[in-house]
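Below is one structure, written out as structure tokens; comments come after it.
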Amino acid sequence: MRTSLVLIIQLMRCCEALRFVCPEICRCSMKTISCTRVTEARAARQHRLVLNYIHLKSILSLISVTLCFLIATALNLPINTRSLVHIGQRAFSNLPKLRYLSISNTGIAAFPDLTSISSLEASFMLDICDNLHLRSVPPNAFSGMTSEDTTMNLYNNGFREIQSHAFNGTKLDILILKNNRNLQIIHRDAFRGAAGPTVLDVSSTALETLPSVGMQSVQKLVAHSAFSLKRLPPLKILENLREAQLTYPSHCCALLSWDADREAPSSVLRNGSSFCEEQSLARQKTAGNSIMVEDPFSSDTSGRFGSVDFEYPELGSCQMKPVLHCSPEADAFNPCEDIAGFGFLRVAIWFINILAIAGNLTVLLVFFAGRCKLTVPRFLMCHLAFADFCIGVYLLMIATVDLRTRGHYSQHAIEWQTGAGCAVAGFLSVFGGELSVYTLSTITVERWHTITHALRLERRLVLPQAAAIMTAGWLLCLAMAVLPLVGVSSYSKVSMCLPMDIETPVAQAYVILLLLFNVGAFLVICGCYVRIYTAVRRPKVPGRAADAKIAKRMAVLIFTDFLCMAPISFFAISAAFKVPLITVTNSKILLVLFYPINSCANPFLYAIFTKAFRNDACLMLSSMGCCETKANMYRVKMAYYSENAGKSKSSSGSKDPRQLKRIPDLKDNSTNFSKISTLFSG
């Protein structure tokens, strides 16, 4: 049989091939490399033709490689030269003995024509690697290359897309697409017309999803460091998947849960799993016992034909499929469960967030739409209501996602936790929670300051000072909420979108400082109310004894709020020091029942249930024709108090100047503190 191999490489300028060694079966000159039957006959048997590391700037084109029959052996053809920028059409033609082709580390920008190779070798291997100028795999790129099982290593190229029907006409055994870091799209019909692959590796790519066609034959899926692959294809098309090495633990949760459901044994004639268990036990007991067929012409009682087993497992109804192995396994931060975790938490989270949103919106509406004068307590209550409203919105987002993904959250976990929704929810949680703590501390300090300096009106907190304090609080809380968005800790660590990432020292320090801020606020409030108790329990000035009950009630309310936060702070600080005392699943009870309960209760305890708020609401509703009688009574009462206050000031003109100063102070203090009492009492 006639054998000829012609390899012509055109050179456009002077060859400087100091490192190039001419293959033994070829003849090389300054401009050409020729491999023919004549040159083959002069060389020893050669199984491998290598064009490797040809650092010639003048080598621009590989024109043709033709093989009819190369000394009756299989051919390996690696091509590795960056100077190669073009491979012509049908350059690889009629190579029935080609078993390995490598096109690596070249400068080609167009995908090479492989459709005329027509290899007849079993287990054909193709390497197309390190070709950074290749941008896509076109349709029918491998059709006609071989009809046998093929291993394709297409890694570390510049691929951005694999087009429809790219693998049409192939029998894919292994397909390696790893390290194509710009690969974003595999068309849904890329495997249309192909058999396989059985092994698919898409590690370190930018793929966002896998094709929905052709995945039925995949038995092993590898996707290490595929951080953009946040969503798996429909699980029902992965019917033959037996091993998965993925990036995210939640994907393994989804696969294992689906695999357990689909592998539940059933029987048409018997009752499912119990029957299969009985069959399994019976099979174990009778292992080794089989029907023996003896040879009547042999004296050997053991039988010449040995043992014959008439059991046909493939016809049974209790076949057990191979176990699906998946990694990484679920970790402590991402257990295989829904967001709420427990059924009663799913109900509680809706109840709390509705109360928090409705209550705080009502407070804001009355304070902003009412015609009452904006005082420092009202100003601070507006900020507290807004902070608690943010917590309510956060809970609403969590509850909505939990409801939508109930029973299959693992399939959507990465999309949610790494998406904008979780980032917004986490921001609202931290910002609202810290602003609420800051505002409660400010309210407590303001009350302590007012009671301590009741006789010195000029030292009381005025509205501009309160605005400056709250501006500083807003800036501080915004900074604390923004840090996880810029890489200091992360909101995507857990499904509840809270900053629980402590893997780096900076992230750990951030979480610890966040918790210490809450503990410090708690200590400030406790210290202020100790001073308030000291003042009201030993009244030296008339009028203070009557206000002791109100001050105590305020102390109980705010102290109770922080008692609810104490368990969270305790367990969170222990976890921040990497000594967790409870699991994430159990911590959800604290996060749902204790963390937001203040945001639910504050608008009712500090505003809606108070007489002052009800009067303000009546005044607002009277402008719409409602509650006019109560509103008029409230106006008359306020006018009466104002008139008496004026008479008291005018009648005090003949008294001693010291008494003149003291009486208005006491009167004003009594009036103002009475307003405070109506604001904070029920």
Side-chain angles (χ1 to χ4, degrees), residues 199-200 202-203 207-212 215-224 226-267 271-274 276-277 280 317-347 349 398-419 421-422 492-497 500 583-589 592:
V199 177
L200 178 61
V202 293
S203 301
L207 289 172
E208 296 182 359
T209 186
L210 295 175
S212 57
M215 298 294 291
Q216 292 84 350
S217 59
V218 175
Q219 297 181 14
K220 180 178 180 180
L221 176 62
V222 183
H224 296 300
F227 298 105
S228 297
L229 189 61
K230 302 175 183 178
R231 177 163 47 93
L232 294 175
L235 299 183
K236 62 182 180 181
I237 70 174
L238 300 173
E239 55 188 26
N240 291 310
L241 187 65
R242 296 278 57 103
E243 181 180 356
Q245 301 173 16
L246 306 176
T247 304
Y248 300 107
S250 60
H251 286 165
C252 281
C253 291
L255 284 173
L256 294 175
S257 176
W258 163 76
D259 187 65
D261 292 339
R262 69 168 181 148
E263 289 185 357
S266 60
S267 175
N271 182 18
S273 60
S274 60
C276 293
E277 291 175 1
S280 178
S317 60
C318 293
Q319 299 180 68
M320 295 302 294
K321 297 181 180 179
V323 178
L324 173 61
H325 299 279
C326 189
S327 63
E329 298 180 352
D331 55 23
F333 290 99
N334 294 281
C336 297
E337 62 185 18
D338 291 338
I339 294 181
F342 300 96
F344 75 93
L345 288 183
R346 183 170 289 113
V347 176
I349 196 172
I398 296 296
T400 302
V401 175
D402 176 67
L403 184 64
R404 292 179 56 188
T405 61
R406 180 181 180 183
H408 50 88
Y409 171 72
S410 297
Q411 299 182 34
H412 308 277
I414 302 305
E415 284 187 291
W416 161 245
Q417 290 177 213
T418 61
C422 188
S492 62
K493 189 69 173 179
V494 294
S495 60
M496 297 291 287
C497 302
M500 292 188 177
T583 63
V584 170
T585 301
N586 293 330
S587 69
K588 292 178 181 179
I589 300 175
V592 172

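In this chain, numbering begins with 1 at the start of the sequence shown.
The structure places CG of Leu200 at 11.5 Å from NZ of Lys220, a figure rounded to the nearest 0.5 Å. Interatomic distance, OG of Ser217 versus CD of Glu239, reported as 9.0 Å (0.5 Å rounding). Taking CZ of Arg231 as the reference point, atom CD of Glu415 lies at 5.0 Å (rounded to 0.5 Å). Note that the CD atom of Glu329 and the SG atom of Cys336 stand 9.0 Å from one another [nearest 0.5 Å]. Atom CD of Gln417 sits about 7.5 Å away from atom CD1 of Ile339, to the nearest 0.5 Å. Put simply, CH2 on Trp258 and CG on Leu241 are 6.5 Å apart, with the number rounded to the nearest 0.5 Å.
Trp416 has its side chain within reach of Cys497: a pair of non-hydrogen atoms, C-beta onward, lies under 4.5 Å apart. Between Leu345 and Asp402 there is no side-chain heavy-atom pair separated by less than 4.5 Å. Between Met496 and Ile398, the closest side-chain pair of non-hydrogen atoms falls below 4.5 Å. Using a 4.5 Å heavy-atom threshold, the side chains of Gln411 and Ser257 count as separate. You'll find the side chain of Thr247 stays beyond 4.5 Å of the side chain of Leu229, heavy atoms only. The closest side-chain heavy-atom distance from His412 to Val401 is not below 4.5 Å. Looking only at side-chain heavy atoms (C-beta outward), Leu255 and Leu235 come within less than 4.5 Å of each other. Inter-residue side-chain proximity for Arg242 and Asp259 is flagged as met; some heavy-atom pair is nearer than 4.5 Å.
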Let's go through Val218 and Leu210 carefully: what are the C-alpha distance in whole Å and the side-chain angles of both, what is the deciding distance for side chain to side chain contact (heavy atoms under 4.5 Å, CB included) to 0.1 Å, and is it a yes or a no?
CA-CA 12 Å; Val218 175; Leu210 295 175; over 6 Å; no
Might you work through the side chain to side chain contact (heavy atoms under 4.5 Å, CB included) test for Asn334 and Ser250, ending with a clear yes or no?
CA-CA 7 Å; Asn334 294 281; Ser250 60; 5.7 Å; no
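Pairing each heavy atom of His224 with each of Val222, the nearest pair is CD2-CG1, 3.5 Å. Between Ala254 and Ser410, the closest heavy-atom pair is N-CB, 3.6 Å. What you find for Leu246 and Pro328 is that their closest heavy atoms are O-CD, 3.2 Å. For the residue pair Asn240 and Gln216, the shortest heavy atom distance occurs at ND2-O, 2.7 Å.
Between the Tyr248 side chain and the Phe227 main chain, a donor and an acceptor come within less than 3.5 Å of each other. The closest donor-acceptor contact from the side chain of His251 to the backbone of Lys230 lies under 3.5 Å.
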